[in-house]
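The analysis underlying the following values was restricted to heavy atoms, covering all of them including side chains, and did not include hydrogens, waters or symmetry mates. Treat the numbers as computed from the prediction; the structure is a model and nothing was measured.
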Amino acid sequence: MQQTQVKSAEAFPWTKEFEVGIPVIDAQHHKLVDLINRLSDTLSTGDEMSMSNVIDETFDYAAFHFQQEEKVWAKYFDTSDVWYREHELNHSTFLPNIMRIGVVEQDKPWQEKTERVLQILTRWLTFHILGDDKKMANVVLAMKEGFSFEDAKKMVEQDELDMLASG
């Protein structure tokens, strides 16, 4: 008898809105969303070992992704640029902040810690990817169209102001 595997609902489905327009970064963001969904799945099973494994895999992949993403930004941004420095700082503090949950909250049940990690990851996805990453990608895309770095950055800043004003 063939067993049918039931695909669980995605807690955080991938949408085109997550795309920043740079294929290598979009593919990596998609992988992070998949990992978030797998982590969410482990909550429904309550399997502590699965939760731990997916959390470890998520951290490992996030570290890899951050390195790869920073290489892309470094090709287009001066590393002394404030956007670049803030982005790098966000990356450097992200993993330690989540890993601290394992230390500070070590006596709490795995489900509770996993929920906390998921909360942080989904907030990160929403604000960092849809905010900082998209903003930096828009600068890169404008530069690929022939704009100077300064003009590209001004255009992105103006687009943000226009969006806030119309909002």
Side-chain angles (χ1 to χ4, degrees), residues 11-40 52-106 113-167:
F12 213 103
W14 177 263
T15 68
K16 289 279 191 192
E17 285 77 30
F18 292 140
E19 293 181 2
V20 298
I22 299 173
V24 67
I25 293 175
D26 288 337
Q28 290 180 14
H29 286 168
H30 197 268
K31 170 77 172 171
L32 286 171
V33 169
D34 289 343
L35 287 166
I36 288 170
N37 286 317
R38 285 182 44 215
L39 186 57
S40 179
S52 177
N53 289 341
V54 177
I55 286 174
D56 289 346
E57 186 179 348
T58 302
F59 292 158
D60 291 344
Y61 190 78
F64 165 78
H65 165 66
F66 292 166
Q67 291 173 343
Q68 297 305 306
E69 188 178 86
E70 287 174 13
K71 286 180 186 177
V72 172
W73 302 144
K75 287 181 188 175
Y76 297 93
F77 281 77
D78 181 333
T79 55
S80 66
D81 178 76
V82 67
W83 288 8
Y84 182 87
R85 288 194 330 261
E86 286 175 2
H87 198 269
E88 197 173 46
L89 178 63
N90 286 336
H91 281 180
S92 70
T93 59
F94 176 77
L95 291 176
N97 284 339
I98 287 191
M99 291 175 145
R100 189 175 28 185
I101 291 171
V103 175
V104 174
E105 301 178 19
Q106 67 185 3
K113 290 191 282 189
T114 302
E115 287 172 0
R116 180 79 177 110
V117 169
L118 270 171
Q119 179 186 43
I120 291 168
L121 288 173
T122 54
R123 190 177 319 123
W124 173 268
L125 183 69
T126 303
F127 293 105
H128 186 74
I129 291 176
L130 293 176
D132 296 341
D133 285 355
K134 194 164 277 248
K135 180 170 74 171
M136 292 179 77
N138 286 338
V139 170
V140 170
L141 295 173
M143 290 173 68
K144 286 183 174 185
E145 290 179 13
F147 291 92
S148 69
F149 173 76
E150 292 78 17
D151 288 342
K153 195 169 173 184
K154 285 178 189 173
M155 285 180 5
V156 170
E157 288 172 330
Q158 187 60 51
D159 287 347
E160 282 186 323
L161 291 173
D162 292 346
M163 197 177 336
L164 287 172
S166 69

What distance do Asp133 atom CG and Asp26 atom CG have between them, rounded to the nearest 0.5 Å? 9.5 Å
Is the ring pair Phe149/Phe77 parallel, tilted or perpendicular, if the boundaries are 30 and 60 degrees? perpendicular
Verify, without hydrogens or angle tests, whether Ser40 (side chain) and Ile36 (backbone) share a donor-acceptor contact under 3.5 angstrom. no
In this structure, CD1 of Ile120 is separated from CD of Glu115 (nearest 0.5 Å) by 12.5 Å
Assess the residue pair His91 and Gln67 against the criterion (side-chain contact (heavy atoms from CB on, under 4.5 Å)); give the C-alpha distance rounded to whole Å, side-chain angles, the decisive distance to 0.1 Å, and a yes or no. CA-CA 9 Å; His91 281 180; Gln67 291 173 343; over 6 Å; no
Using the ring-ring contact (aromatic ring centres under 6.0 Å, His included) definition, which of the options His29, His128, His30 pairs with His65? His29
side-chain contact (heavy atoms from CB on, under 4.5 Å) evaluation trace for Trp73 with Ile22: CA-CA 11 Å; Trp73 302 144; Ile22 299 173; 3.8 Å; yes
Please find the pair of heavy atoms, one from Leu121 and one from Thr58, that lie closest to each other, and give the distance. CD1-CG2, 3.9 Å
I need the minimum non-hydrogen distance between Pro13 and Val33, along with the two atoms involved. C-CG1, 4.5 Å
Parallel, tilted or perpendicular, judged at 30° and 60°: which one describes the rings of Trp124 and Phe66? tilted
Considering all heavy atoms, the nearest Phe94-Ala62 contact: CE2-CB, 4.5 Å
Take Phe18 and Thr126, measure what side-chain contact (heavy atoms from CB on, under 4.5 Å) needs, and give me the verdict at the end. CA-CA 9 Å; Phe18 292 140; Thr126 303; 5.8 Å; no
Does the side chain to side chain donor-acceptor pair (under 3.5 Å) test come out yes or no for Gln158 and Asp162, once each step is laid out? CA-CA 6 Å; Gln158 187 60 51; Asp162 292 346; 2.8 Å; yes
Is the closest side-chain heavy-atom distance between Val117 and Lys113 below 4.5 Å? no
Taking every heavy atom of Val139 against every heavy atom of Ala152, the minimum-distance pair comes out as O-CB, 3.7 Å
Short side-chain donor-acceptor distance under 3.5 Å, His87 and Glu69: yes
Using the salt bridge (charged side-chain N to carboxylate O under 4.0 Å, His left out) rule, collect all pairs that involve residues 135-158, keeping only residues at least two apart or in two chains. Asp81-Lys153
Just do the side-chain contact (heavy atoms from CB on, under 4.5 Å) check on Gln68 and Val24 with the steps written out, would you? CA-CA 9 Å; Gln68 297 305 306; Val24 67; 5.8 Å; no
Look only at the side chain of Asn138 and the backbone of Val156, and say whether a donor-acceptor pair between them is shorter than 3.5 Å. no
Under a 3.5 Å distance rule, please check whether Lys134 uses its side chain to pair with a backbone N or O of Glu19 as donor and acceptor. yes
Report yes if the distance between the aromatic ring centroids of Tyr76 and Trp83 is under 6.0 Å, otherwise no. no
Under a 3.5 Å threshold, yes or no: a donor from one side chain and an acceptor from the other, between Asn90 and Glu86? no
Reported CG-to-CD1 distance for the pair Asp60 and Ile55, which is rounded to 0.5 angstrom: 12.0 Å
Students often mix this up, so state it plainly: with edges at 30° and 60°, are the rings of Tyr61 and Phe64 parallel, tilted or perpendicular? tilted
Sorted by chain and number, sequence neighbours left out, side-chain contact (heavy atoms from CB on, under 4.5 Å) with Glu88 holds for Glu70, Tyr84
Nearest 0.5 angstrom please: Asn37 CG to Thr122 OG1, how far? 10.5 Å
